[in-house]
Amino acid sequence: MIPLELLAPAKDLACGLAAVDHGADAVYIGAQRFGARAAAGNSIEDIRQLCDYAHQFAVKVYVTVNTIIFDEELETTEQLIHQLADIGVDAILVQDMGILRMNLPPIALHASTQTDNRTVEKVRWLAGLGFQRVVLARELSVDEIAVIHREVPDMSLEVFVHGALCVSYSGLCYASQYCFGRSANRGACAQFCRMKFDLLDADGREIEHQRHLLSLKDLNLSDYLEELIQAGATSFKIEGRLKDVSYVKNVVAAYRQRLDAYIEKHSDEYCRASQGHCTYTFTPNLNKTFNRGFTNYFLHGRQPDRHQVRTDIFSPDTPKAMGEYVGYVKEMRRDSFNVAGTASFANGDGLCFINQERALEGFRVNRAEGNRLYPQQMPQHLHAGMALYRNNDQEFERLLSRKSAERRIPVVMHLDVTEDGFSLRVGDTTVAIACEHQQAEKPQWENIIRQLSKLGGTPYECSKVEIPVDFNYFIPSSLLADLRRLIVKELQTPEIAAAYRVERCRLSGRKVPPIGSKGAAYLKDSYELNISNRLARDFYTEQGLSVQTSAFELSHPKNALLMQCRHCLRYALGCCVKHGGQKPQWREPLYLRLGDGRRFRLDFDCRNCQMNVYATD
């Protein structure tokens with residue numbers, strides 16, 4: 001049986017607990033430092049509490065230690081990893097290869113998407129280094145994933161299925177560091193890609209004016225889980241370590257239901273990666289949670305269409321959440337308007353629209369009377385015929401603000417008679433109490449079942465109590481309660497929970513094998529290796545590379561390649577001849593220009609179907 005894992009983000013302990021309750025098989029969370037979201041750090045004590053809670057359901061906890069590390073931070077990082085191992089963390093996500101030369105505890109290592117995992121060669125190399133899992137680049141198609149799985153079949157493959165998209169291959173984006181001194185590889189991305197740009201040609205002619213040309217829609221692969229599973233992916237990751245708890249609840253529940261439906265149809269081959277089933281007080285709806293519009297990105301490669309401007313991937317009008325489409329403006333009055341559509345509205349709903357200047361405008365509904373809405377203030381640029389979107393659904397948020405899910409592990413209890421009392425067994429775990437055998441004067445089965453089934457406040461629910469057919473003994477309710485408490489305690493012991501934990505590997509003292517010539521050719525000496533400390537430099541030297549270059553953050557190269565993008569503006573604007581577009585009328589090279597006048601040269605690497613963004617200093 002192949003376990004399929006739903007992997008959820010956690011900004012903090014509350015989000016982590018909600019992820020478990022709503023169906024996650026694993027949770028990833030950042031520690032106080034060295035996670036790729038510097039604004040989402042958590043104490044060791046909070047992570048320990050999450051581990052204790054999650055492991056009751058055999059849910060795993062992964063911690064992100066996936067920034068590049070400076071020399072003065074090496075000792076602190078090693079201490080952190082030991083602390084994480086001590087509290088029961090199941091794996092850490094790693095970017096900096098200097099970690100492999102540390103004195104590591106026995107903890108599993110996952111290669112973060114920050115290590116740019118997009119080729120068979122890279123994944124095979126990481127497998128040889130002892131990584132148990134790689135997080136694949138978001139840009140890969142289902143066919144490319146299948147090739148990697150076929151060539152490196154023993155490597156666990158984790159893929160993103162939902163949430164925000166970085167426009168550059170992860171780990172290879174230096175624009176934030178270059179422009180603002182905030183390193184994406186240090187968890188401090190300033191979101192350069194969400195900004196407005198002009199697009200200029202070589203003659204300075206303006207092709208596009210102040211648009212969000214690098215801002216992508218959000219990923220949504222909820223309809224494509226079967227394809228990903230068949231390609232060989234086994235862990236399905238939801239982005240969102242900066243998202244709030246309502247996002248976690250809704251998105252995790254939605255994917256839990258989709259994944260469970262697939263497992264149920266293929267129960268002879270696949271199974272859940274954790275225990276417990278969930279019940280919800282709401283109907284999950286991905287459209288109601290923060291999104292910039294959805295895309296399946298490059299799951300099926302580039303998808304040519306007949307439109308001159310292809311917006312299936314990027315969102316050039318706004319980088320903000322638009323939410324769900326709720327209808328269009330039918331009729332305007334002085335203080336209200338009518339909406340044509342089937343959506344229902346509530347006081348306090350947040351609505352938005354794209355105005356005639358192609359900018360996003362939002363407003364709040366003060367009063368809703370059916371489909372007639374009374375805003376707090378009538379939007380100045382709202383006109384009849386405009387499409388409306390809801391980016392804050394008051395009723396839905398109200399449901400999610402309360403307890404909205406419950407997770408329980410079904411257990412079958414077997415009551416039996418022992419020489420000096422009675423025993424209770426669940427699975428392979430048995431407890432017993434000494435008690436005089438008294439024949440019952442009246443039937444006891446109903447009371448026995450009722451007492452043993454009182455599992456409220458525990459992770460368990462009793463699906464069945466099995467009692468021998470000839471059982472006719474009286475057991476006081478207090479002793480039945482003792483049996484129930486004993487079995488719950490035994491089921492929750494670390495030894496029992498450990499049976500469901502990920503198998504750990506000890507890298508401490510392991511000699512990392514040198515890569516062959518093919519691997520050495522793939523890993524050329526460049527700031528793209530993100531070498532920021534002496535251990536990482538020693539590591540790559542042992543790998544057979546003559547390392548002369550430091551990480552971008554330390555070397556500050558001129559005219560540097562800042563971003564490598566599969567998103568291509570030539571294609572998006574309908575001017576990629578290779579994919580059926582028109583021959584462009586502009587003269588290249590093209591440039592992106594920020595509002596402050598700084599320019600960035602675009603290079604179109606058609607052989608690799610990639611757009612590169614260069615500094616121009």
Side-chain angles (χ1 to χ4, degrees), residues 9 11 15 18 162-165 191 193-196 211-212 215-220 222 238-255 282-295 311-330 332 336-368 370-383 385-401 404:
K11 176 176 66 174
C15 287
H162 198 90
L165 288 164
Q191 295 199 309
C193 59
R194 303 297 181 187
M195 296 179 175
K196 285 184 176 180
R211 303 195 75 196
H212 302 276
S215 182
L216 300 182
K217 292 181 179 179
D218 285 3
L219 187 66
N220 181 348
S222 58
I238 298 166
E239 180 277 339
R241 279 204 301 118
L242 295 179
K243 298 295 198 306
D244 60 22
V245 70
S246 63
Y247 172 94
V248 172
K249 289 181 174 183
N250 185 34
V251 178
V252 170
Y255 276 86
F282 69 104
T283 301
N285 186 337
L286 294 173
N287 292 316
K288 290 184 179 294
T289 293
F290 183 101
N291 70 84
R292 302 175 176 89
F294 288 128
T295 175
T311 57
D312 58 320
I313 286 177
F314 77 134
S315 178
D317 292 328
T318 178
K320 298 179 180 179
M322 292 182 64
E324 60 176 336
Y325 173 73
V326 292
Y328 66 90
V329 179
K330 186 176 181 180
M332 300 279 296
S336 65
F337 61 92
N338 211 21
V339 179
T342 59
S344 59
F345 300 93
N347 299 347
D349 278 355
L351 302 180
C352 59
F353 62 96
I354 300 293
N355 64 28
Q356 292 177 334
E357 300 299 319
R358 294 194 301 193
L360 184 72
E361 283 192 46
F363 61 95
R364 189 168 294 279
V365 176
N366 188 48
R367 188 170 84 253
N371 276 20
R372 179 154 292 279
L373 307 181
Y374 295 81
Q376 288 180 330
Q377 183 175 351
M378 283 293 287
Q380 182 179 356
H381 301 107
L382 186 67
H383 301 294
M386 284 185 166
L388 279 175
Y389 300 85
R390 176 163 48 197
N391 53 15
N392 184 37
D393 187 320
Q394 280 291 97
E395 285 299 319
F396 194 70
E397 289 298 321
R398 192 173 292 117
L399 284 172
L400 293 180
S401 68
S404 50

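For the single chain, residues carry numbers from 1 onward in sequence order. All values derive from a computational prediction rather than experimental measurement.
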A side-chain contact here means heavy atoms from C-beta on lying under 4.5 Å apart; do [X] and [Y] qualify?
X	Y	result
F290	S246	no
L373	L351	yes
H381	E357	no
K11	R241	no
V329	F353	no
Q356	M386	yes
M322	I354	yes
Y325	N287	no

Enter the distance from [X]:[atom1] to [Y]:[atom2] here, rounded to the nearest 0.5 Å.
X	Y	atom1	atom2	value
R367	R372	CZ	CZ	10.5 Å
N355	H383	CG	NE2	8.5 Å
N250	F396	CG	CZ	3.5 Å
L165	E239	CG	CD	8.0 Å
N291	L219	CG	CG	11.5 Å
C15	L242	SG	CG	10.0 Å

Where the side chain of [X] meets the backbone of [Y], is there a donor-acceptor pair that is under 3.5 Å apart?
X	Y	answer
N347	A368	yes
K217	T295	no
D349	Q394	yes
N371	G341	yes
R194	S215	no

*Answer yes when D317 and R211 have at least one side-chain N-carboxylate O distance shorter than 4.0 Å, and no when they do not.*
yes
*Step by step, would you call K288 with E397 a side-chain contact (heavy atoms from CB on, under 4.5 Å)?*
CA-CA 9 Å; K288 290 184 179 294; E397 289 298 321; over 6 Å; no
*Mark yes when over 12 heavy atoms from residues, nucleotides or ligands other than Q380 sit less than 6.0 Å from its CD; otherwise mark no.*
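Atom CD in Q380 is not crowded, with 12 or fewer foreign heavy atoms closer than 6.0 Å.
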I need the minimum non-hydrogen distance between [X] and [Y], along with the two atoms involved.
X	Y	result
T318	K320	OG1-N, 3.0 Å
P379	F363	CG-CD2, 3.4 Å
Y389	G323	CD2-O, 4.0 Å
A253	F282	CB-CZ, 3.9 Å
S222	Y255	N-OH, 3.2 Å
L216	R292	O-CD, 3.7 Å

*What class does the angle between the rings of H162 and Y247 fall in, given that below 30° is parallel, 30 to 60° is tilted and above 60° is perpendicular?*
tilted
*Take M332 and L382 through the side-chain contact (heavy atoms from CB on, under 4.5 Å) test and state the conclusion after the steps.*
CA-CA 9 Å; M332 300 279 296; L382 186 67; 4.2 Å; yes
